[in-house]
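Below, each value reflects all heavy atoms present in this structure, side chains not excepted, and no hydrogens, waters or symmetry copies. All residue numbers refer to positions in the sequence shown, counting from 1. This one's a predicted model, so the numbers in the text were calculated from it and none came from an experiment.
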Amino acid sequence: MATEKKFDGDAFFSAIDAERIARRLTWKKVAEQAGVPASTLTRMSQGRKPDVDSLSGLCAWSGLNAGDFIRVEAGKKTQAEPLAQISAHLRADPNLSKEGAQALETLIKTAYQQFRTK
């Protein structure tokens, strides 16, 4: 059976609110600086979860990590596979073009499949 995972939107909103208070900003300014619609923040205050683009914008604005708000069953913390982590690092590397990251990713995936033991 798959491990149940849920995004804790209330905790995320509370953390965003704490960041807003620390910066002495209005919600309107948060929306402007994070590049999200003010209506998204209103919906979040009512318990709704942000869409992925708003989540990304709010994380970038606040410095929060969305992964810190994913709740899993006790004792079942998940971690990305090493191959997935390598892929994410390559795509995030500012020294690589998109094409370069994709080429390296293809090479690494091919070698991984060739040499993995399980």
Side-chain angles (χ1 to χ4, degrees):
M1 179 184 245
T3 303
E4 186 170 335
K5 298 170 267 312
K6 293 190 178 204
F7 180 75
D8 190 343
D10 291 334
F12 182 71
F13 182 77
S14 181
I16 292 294
D17 190 32
E19 185 69 21
R20 176 191 68 83
I21 291 167
R23 295 187 192 191
R24 298 180 179 179
L25 297 174
T26 64
W27 283 111
K28 182 178 179 180
K29 280 289 185 193
V30 171
E32 288 173 10
Q33 290 181 7
V36 301
S39 59
T40 295
L41 299 173
T42 300
R43 285 192 302 276
M44 288 175 62
S45 73
Q46 298 166 346
R48 303 220 0 234
K49 295 176 181 143
D51 61 84
V52 70
D53 290 331
S54 294
L55 179 64
S56 176
L58 289 166
C59 285
W61 171 80
S62 66
L64 294 169
N65 180 345
D68 292 340
F69 299 92
I70 296 174
R71 308 296 181 228
V72 296
E73 295 174 34
K76 300 211 177 182
K77 188 71 176 161
T78 59
Q79 183 176 356
E81 291 291 328
L83 190 59
Q85 292 177 5
I86 291 168
S87 177
H89 285 293
L90 287 172
R91 291 176 180 264
D93 188 335
N95 297 312
L96 294 173
S97 66
K98 181 179 178 181
E99 295 78 17
Q102 288 173 335
L104 284 170
E105 185 178 16
T106 299
L107 287 170
I108 291 168
K109 284 180 179 178
T110 301
Y112 185 85
Q113 290 173 340
Q114 177 71 32
F115 297 115
R116 76 185 204 183
T117 58
K118 295 180 188 176

Trainee: Hey, does the side chain of Ser14 reach the backbone of Ala11 with a donor-acceptor pair shorter than 3.5 angstrom?
Mentor: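 Checked: no pair found.
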
Trainee: Please report the interatomic distance CZ(Arg43) to NZ(Lys49), rounded to the nearest 0.5 Å.
Mentor: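 Here the interatomic distance stands at 14.5 Å.
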
Trainee: Among all residues two or more places apart in sequence or in another chain, which pass the side-chain hydrogen bond (donor to acceptor under 3.5 Å, both in side chains) test with Arg23?
Mentor: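 Here the qualifying residues are Glu19.
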
Trainee: Looking at every non-hydrogen atom in both residues, tell me the closest pair between Ile108 and Leu83 and how far apart they are.
Mentor: CG2-CD1, 3.9 Å

Trainee: Taking all non-hydrogen atoms of both residues, which atom of Ala31 and which atom of Pro37 are closest, and how far apart?
Mentor: CB-C, 4.3 Å

Trainee: I need the Tyr112 OH to Glu105 CD distance, nearest 0.5 Å.
Mentor: 13.5 Å

Trainee: Look up atom CD1 in Ile16 and atom CD1 in Ile21, then write down how far apart they are to the nearest 0.5 Å.
Mentor: 11.5 Å

Trainee: What distance separates Leu41 CG from Arg20 CZ, expressed to the nearest 0.5 Å?
Mentor: 10.0 Å

Trainee: What pair of heavy atoms forms the shortest contact from Ser97 to Gly100, and how long is it?
Mentor: OG-N, 2.9 Å

Trainee: Report yes if some heavy atom in the side chain of Pro50 is under 4.5 Å from a heavy atom in the side chain of Phe7; otherwise report no.
Mentor: yes

Trainee: State which residue, out of Leu64, Asn65, Ile70, fulfils the side chain to side chain contact (heavy atoms under 4.5 Å, CB included) condition with Asp68.
Mentor: Asn65

Trainee: Judged by atom type as modelled, is there a donor-acceptor pair below 3.5 Å linking the side chain of Thr106 to the main-chain atoms of Gln102?
Mentor: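 Yes; at least one donor-acceptor contact below 3.5 Å.
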
Trainee: Are side-chain heavy atoms of Leu58 and Val30 found at a separation under 4.5 Å?
Mentor: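 Yes, close enough: below the 4.5 Å cut-off.
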
Trainee: Closest heavy-atom contact between Met44 and Phe12?
Mentor: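 Nearest heavy atoms, Met44 then Phe12: CE-CD2, 3.6 Å.
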
Trainee: Indicate the ring-plane relationship of Phe13 and Trp27, choosing parallel, tilted or perpendicular according to the 30° and 60° boundaries.
Mentor: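 Plane angle under 30°, so parallel.
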
